[in-house]
Structure formats: C-alpha cells, structure tokens
Amino acid sequence: MADTLTLIDNRTGKQYEVPIVYGTYPEYGAAIPAQALRQIKATPNDFGLLCYDPAFLNTASCKSAVTFIDGERGILRYRGYPIEQLAERSTFLEVAYLVLHGELPDAEQLADWTWYITHHTLIHESIKKFMDGFHYDAHPMGILASTVAALSTFYPEARNVYDPAARRKQIYRLIAKMPTLAAFAYRHSIGMRYIYPDNGLSYPGNFLSMMFRMSDESYEPNPVLERALEVLFILHIDHEQNCSTNAMRGVGSSHTDPFAAVAAAIAALWGPLHGGANEQVLRMLGEIGSRKRVPEYVDRVKKGEFRLMGFGHRVYKSYDPRARILKAMADQVLEVTGRSPLLEIAVELERIALEDDYFVSRKLYPNVDFYSGIIYQAMGFPVDMFPVLFAIPRTVGWLAQWQEMLFDSEQKIARPRQIYTGADERTYLSPELRGEAQRLQRA
Ligand code: ACO
C-alpha cells in the first residue's frame with residue numbers, strides 16, 4: 001500500500017498524488033502536508049488550494065515529541081512515560097526536567113537542576129513595587145501576566161533566544177519565579193506582607209509557605225498537602241497543543257523573548273473555556289447543594305438547560321486519566337483538611353451520570369477540572385487563584401514546546417491563511433458622494 005492520497009479535482013479533471021506523513025504511531029496522527037495542496041489549481045494563475053479549519057479542529061500545527069494523548073483510550077504520557085507512573089513516583093522538578101530535556105535526570109543532573117531552580121526564586125525588588133501598583137482587588141491572573149511580561153525588561157539578554165546559555169537562564173528564571181509571583185499576587189490581594197522564598201523547602205512546599213505562612217517562624221508544610229500540590233503540578237505540566245500552548249508557540253515564533261511569550265500564554269489560559277472550568281465546577285456543586293438534589297440536576301442537564309461542568313473533553317472520549325488520579329487524591333487531602341460536602345455531591349453526581357445513557361452515549365466522563373477545584377478549595381486556595389495554580393506548572397510545558405518550536409527546521413513565524421469573504425475592489429468616494437452612492441447600492 002502506497003502511503004499517498006490520490007485526489008481528483010473535479011473542476012479540472014486533474015489527478016494529484018499527495019504524500020501521507022506519520023508520527024510515532026501510524027494509526028494515530030497520519031496527516032497530509034497542507035502545502036501539497038497548493039499545486040491543485042483551477043486555473044494556472046490561481047493561488048492553489050488551502051485547508052479551511054477554524055479552531056484547528058483537524059489540523060496538526062507541528063510535530064512534537066513532548067506529550068502523547070490518546071483520547072479514546074484515556075492515555076496521557078510525557079516523553080513516553082505514563083502520567084500515572086510519574087504522578088505516583090516522581091517529583092514536580094524531576095518531571096519538569098524530563099519534559100524539557102526529553103530524559104529523566106540522573107542523580108547529579110537532578111541535584112544541579114534543583115539547585116538552579118531553587119536559586120532563581122527571588123524577584124527583583126522593583127517587581128514588588130510594580131505589584132504594589134495594582135488595586136487590592138486586581139485578579140491574580142492579571143497580576144501574573146503583567147509581572148511576567150515586565151520581567152523581560154529586567155533581563156534584556158532574554159531576547160537572544162538562540163543563545164543556549166541565555167535560553168537556559170530564562171528557563172530557570174521562569175520556572176523558579178512563577179510561584180513567587182503567584183504567591184505575591186495573592187498576598188497583595190489580601191493585603192498581607194510578602195513572604196520570601198525558603199530554599200530549604202521543596203518546590204510545592206515553598207509555594208505553600210509563600211502563600212500561607214503567617215509569622216516569621218519557620219513553616220513546615222503538611223506532607224499530604226505538599227504531595228497533593230506536587231501531583232497537581234505534575235498533572236498540569238503539559239497537554240500538547242492546547243489554546244495557551246498554541247499561543248506560546250504562535251507568539252514565540254516571532255522570536256520574541258520567552259517572558260513576553262509566556263505572558264501571552266497566561267492570557268490565553270485565563271479564559272473560562274481553558275483554565276477556568278474548575279471554578280465553574282465548584283459553583284455548580286454549591287448550587288446543587290446536597291446529594292439528594294443530584295438526580296433533579298442531572299435531569300435538567302439532560303433537558304439541555306445547562307452543561308455538567310467538569311464533564312466532557314474535546315480530546316478524551318473515555319475517563320480523563322488525570323481525573324482518576326485526582327479523585328483518589330481528594331480523599332487523602334480531605335482526611336487532613338476535613339470532610340467536604342462538595343466531594344460527596346461530586347461523587348454522587350459522577351455515579352449517577354456514568355449510569356445514564358445520555359452521558360455514556362456521548363462519551364462524557366469527568367475531566368481534570370471535576371476534582372481539582374475541590375482539592376484546591378480544601379487546601380485554602382481562593383477561587384481566583386485556580387487559574388494561577390494551573391499557570392505555574394504549565395510554564396514548564398510552554399517552555400518545552402517553545403524550545404522544540406525554535407529548533408524545528410520546518411517551523412517559521414506562525415502566519416495562517418484566510419478565506420477572504422469581503423467586498424470586491426471599490427473606488428474611494430469623498431464624504432459628500434458616499435450617502436448618495438450607498439442609497440443607490442441599496443435600491
Ligand atoms: N454536560 C452535558 N452535555 C454535554 C457536556 C456536558 N458537560 N459536554 C458535552 N455535552 C453534550 C453536548 O450537548 C453535545 O450533545 P448533542 O450531541 O446532543 O448536541 C455532545 O455532548 C457533544 O458536545 P460538544 O460540545 O460537541 O463537545 P466538545 O468536544 O466540543 O466540547 C467541552 C468539549 C467544551 C469540554 C464540553 O464537554 C464542555 O462544555 N464541558 C463542560 C466544561 C468543562 O468541563 N470544561 C473543561 C474541559 S477540561 C480543560 O479544559 C482543562
């Protein structure tokens with residue numbers, strides 16, 4: 001069997017052979033290069049055929065070796081490693097190294113990597129002043145996007161995106177400073193003094209300290225909550241070509257510095273269709289109010305009154321593997337923080353929905369957001385911080401995808417085509433003639 005596609009243009013009767021390209025798995029991700037369609041023309045001088053694919057529903061925008069998702073079978077792997085194994089056995093920084101470098105670090109590499117990240121957590125004092133300028137009720141995600149963009153003014157060498165040392169340094173800085181900026185944004189919003197990073201703590205432990213420490217005494221994070229946050233961070237590191245990653249690659253393709261590109265990715269993540277669904281889940285569970293009211297709520301969903309938040313996924317058409325890990329984790333966290341009526345409602349909602357043909361036939365299962373909000377809330381994070389908690393680990397994925405894009409010889413500045421549907425050429429008229437011309441046009 002030849003790995004080509006034969007196309008016949010019925011406008012001209014001409015036949016074309018178009019190659020089929022593959023990734024690691026022939027049954028997953030076979031594609032035709034869109035450029036191969038440009039030879040297909042109705043007349044010798046026309047532009048050639050384009051692909052029309054709003055929202056990239058069926059377009060591969062790149063080749064990538066970072067993350068593999070099989071939505072039908074509920075599989076997620078970073079660099080080939082199943083997410084379940086990484087969530088069970090690894091630390092966030094170890095997985096961050098894997099995602100960025102392609103291999104798990106040996107002991108020495110991990111020690112170096114951890115040292116560099118730990119020693120770049122401080123932010124310039126002027127960034128603190130910059131933050132002080134925000135109103136007390138500024139959304140922490142807005143503060144995060146702005147301060148990350150502002151970092152580029154402190155590190156002008158970041159523009160040298162093809163200088164390996166400069167690139168490495170910005171990667172350390174971004175991964176290290178993100179929790180500091182996030183925690184400072186939160187402390188600013190509640191009017192509490194900033195807590196500086198503690199180099200003796202783990203990456204998630206230090207973040208908890210900067211968020212919640214109250215006095216000058218040393219802070220010891222609860223090990224269950226510290227590990228829960230670590231796992232949540234691991235699960236959110238990368239998810240292949242989602243909206244914010246696409247923003248990172250698109251903006252980064254102009255070779256702007258990584259701080260500017262990450263700021264753009266944060267802006268994309270902020271939208272309710274991307275990083276904001278777990279907040280909606282909490283609101284929904286609150287609205288349901290008790291286990292008894294779950295069947296009535298499910299009936300209303302089935303009548304099309306609203307959607308079940310945290311259910312369904314564009315890619316996963318069986319159980320989201322991240323949701324399975326988080327469901328188990330929610331129990332452990334609530335053992336420490338106290339029982340949550342919301343979890344009981346969530347479990348009942350899942351049970352009833354998964355027995356119902358409406359959800360089963362549409363392949364609607366809980367996604368990562370179904371349980372993450374419950375855990376964040378139990379740990380004491382306000383709802384406004386949920387997208388920020390997503391941005392911290394996703395920075396690793398954004399940077400890995402950005403680097404991959406920079407060194408992909410097939411990539412160029414991202415510049416999609418369009419199908420023009422506007423007016424044909426017109427002649428400019430002076431203002432006094434326009435009214436009459438428009439009247440004639442309408443007549
Ligand atoms: N509750 C009830 N019905 C649903 C839901 C839901 N959560 N999701 C999809 N459906 C139904 C649709 O009404 C449609 O039914 P129909 O065929 O009778 O018209 C069918 O399932 C297919 O729905 P689509 O909108 O075509 O599915 P799509 O893949 O475009 O949407 C999405 C995926 C946006 C995630 C959707 O499932 C949804 O809105 N879920 C709720 C919001 C949510 O949880 N988002 C978080 C996603 S995870 C993340 O971003 C990190």
Side-chain angles (χ1 to χ4, degrees), residues 53-59 67 69-72 74-76 78 83 141 231-248 265-288 294-327 342 345-346 348-376 383 386-398:
D53 189 10
F56 302 124
L57 289 186
N58 198 39
T59 292
T67 290
I69 302 175
D70 180 338
E72 291 297 327
I75 292 173
L76 169 61
Y78 298 155
I83 193 68
M141 200 65 165
V231 171
L232 277 154
F233 279 175
I234 291 172
L235 299 184
H236 285 89
I237 285 181
D238 196 58
H239 213 231
E240 49 123 298
Q241 306 311 313
N242 53 82
C243 175
S244 57
T245 301
N246 187 53
M248 179 80 193
I266 294 172
L269 183 65
W270 194 0
L273 296 188
H274 191 5
N278 49 11
E279 181 183 339
Q280 302 302 329
V281 173
L282 279 197
R283 288 195 209 291
M284 174 188 75
L285 296 175
E287 205 179 299
I288 298 174
V294 168
E296 172 199 328
Y297 195 87
V298 169
D299 280 343
R300 292 180 65 194
V301 170
K302 285 161 60 180
K303 281 187 202 139
E305 284 184 40
F306 35 72
R307 288 189 168 198
L308 207 53
M309 298 317 288
F311 257 68
H313 197 278
R314 171 61 59 75
V315 176
Y316 293 116
K317 297 302 171 195
S318 69
Y319 214 99
D320 179 339
R322 301 167 300 172
R324 186 172 286 119
I325 297 167
L326 289 185
K327 188 179 179 186
L342 295 187
I345 298 169
E348 181 67 358
L349 192 54
E350 180 186 331
R351 188 186 68 76
I352 292 192
L354 295 188
E355 282 174 357
D356 194 304
D357 188 55
Y358 176 95
F359 297 92
V360 176
S361 63
R362 288 172 177 76
K363 299 186 175 176
L364 299 171
Y365 295 89
N367 61 49
V368 68
D369 290 318
F370 194 65
Y371 289 106
S372 64
I374 297 173
I375 301 178
Y376 290 144
V383 166
F386 290 5
V388 173
L389 289 161
F390 195 157
I392 294 171
R394 185 53 61 88
T395 299
V396 171
W398 291 332

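Bear in mind the structure is a predicted one, so any value in this text is a computation, not a measurement. Atoms within a ligand are numbered from 1 in the order they appear, just like the ligands themselves.
- Atom CD1 of residue Ile374 and atom CG of residue Asn278 lie 10.0 Å apart, to the nearest 0.5 angstrom.
- For an aromatic pair to be called close, the ring centres must be under 6.0 Å apart, and His239 with Phe390 fails this.
- Considering each of Pro366, Ala323, Ala277, the one bringing a non-hydrogen atom nearest atom 45 (N) of ligand 1 is Ala277.
- Nearest residue to atom 7 (N) of ligand 1 from Asn242, Val315, Asn278, Leu308 is Leu308 (criterion: closest heavy atom).
- Within a 4.0 Å radius of atom 16 (P) of ligand 1, the protein has at least one heavy atom.
- Scanning Arg362, Arg314, Arg307 for the heavy atom closest to atom 34 (C) of ligand 1 points to Arg307.
- Leu389 has its side chain out of reach of Leu232: every pair of non-hydrogen atoms, C-beta onward, lies at least 4.5 Å apart.
- The closest approach between a heavy atom of Tyr358 and any atom of ligand 1 is below 4.0 Å.
- In this structure, the separation between CD1 on Ile83 and CD1 on Ile325 is 6.0 Å, given to the nearest 0.5 Å.
- Regarding atom 41 (C) of ligand 1, its nearest protein heavy-atom neighbour is Phe311 O, 3.4 Å.
- Glu72 has its side chain within reach of Lys363: a pair of non-hydrogen atoms, C-beta onward, lies under 4.5 Å apart.
- Among all protein heavy atoms, the one lying closest to atom 10 (N) of ligand 1 is Leu364 CD1, 3.6 Å.
- Of the possible polar contacts, one joining the Tyr78 side chain to the Ile234 backbone as a donor-acceptor pair under 3.5 Å is found.
- In terms of polar-atom proximity, defined here as any N/O pair under 3.5 Å, Phe359 makes no such contact with ligand 1.
- To the nearest 0.5 angstrom, Asn242 atom CG is 8.0 Å from Leu269 atom CG.
- In this structure, the separation between CZ on Phe370 and CE on Met284 is 5.0 Å, given to the nearest 0.5 Å.
- Among all protein heavy atoms, the one lying closest to atom 35 (C) of ligand 1 is Gly312 O, 3.6 Å.
- A perpendicular orientation is assigned to the rings of Phe359 and Phe311, their planes being inclined by more than 60° (bins at 30° and 60°).
- Scanning the protein for heavy atoms near atom 42 (C) of ligand 1, the closest one is Met309 CE, 3.3 Å.
- Only the side chain of Asn367 comes within contact range of ligand 1, with a heavy atom under 4.0 Å; no backbone atom does.
- Summary of contacts: the protein heavy atom closest to atom 44 (O) of ligand 1 is Gly310 N, 2.8 Å.
- For Val281, no heavy-atom contact with ligand 1 is shorter than 4.0 Å.
- Those atoms of ligand 1 with a heavy atom of His274 less than 4.0 angstrom away are 50 (O).
- The NZ atom of Lys303 lies 8.0 Å from the CZ atom of Arg300; values are rounded to the nearest 0.5 Å.
- Under the 4.0 Å distance rule, the nearest protein heavy atom to atom 27 (O) of ligand 1 falls outside the cut-off.
- Counting only heavy atoms of the protein, atom 2 (C) of ligand 1 lies nearest to Val301 CG1, 3.6 Å.
- A salt bridge is absent between Glu287 and Arg283: the closest approach of a Lys/Arg side-chain nitrogen to an acidic carboxylate oxygen does not fall below 4.0 angstrom.
- The contact set between ligand 1 and Lys317, taken as ligand atoms under 4.0 Å from a residue heavy atom, comprises 29 (O).
- Distances below 4.0 Å separate heavy atoms of Asp369 from the following atoms of ligand 1: 46 (C), 48 (S), 49 (C), 51 (C).
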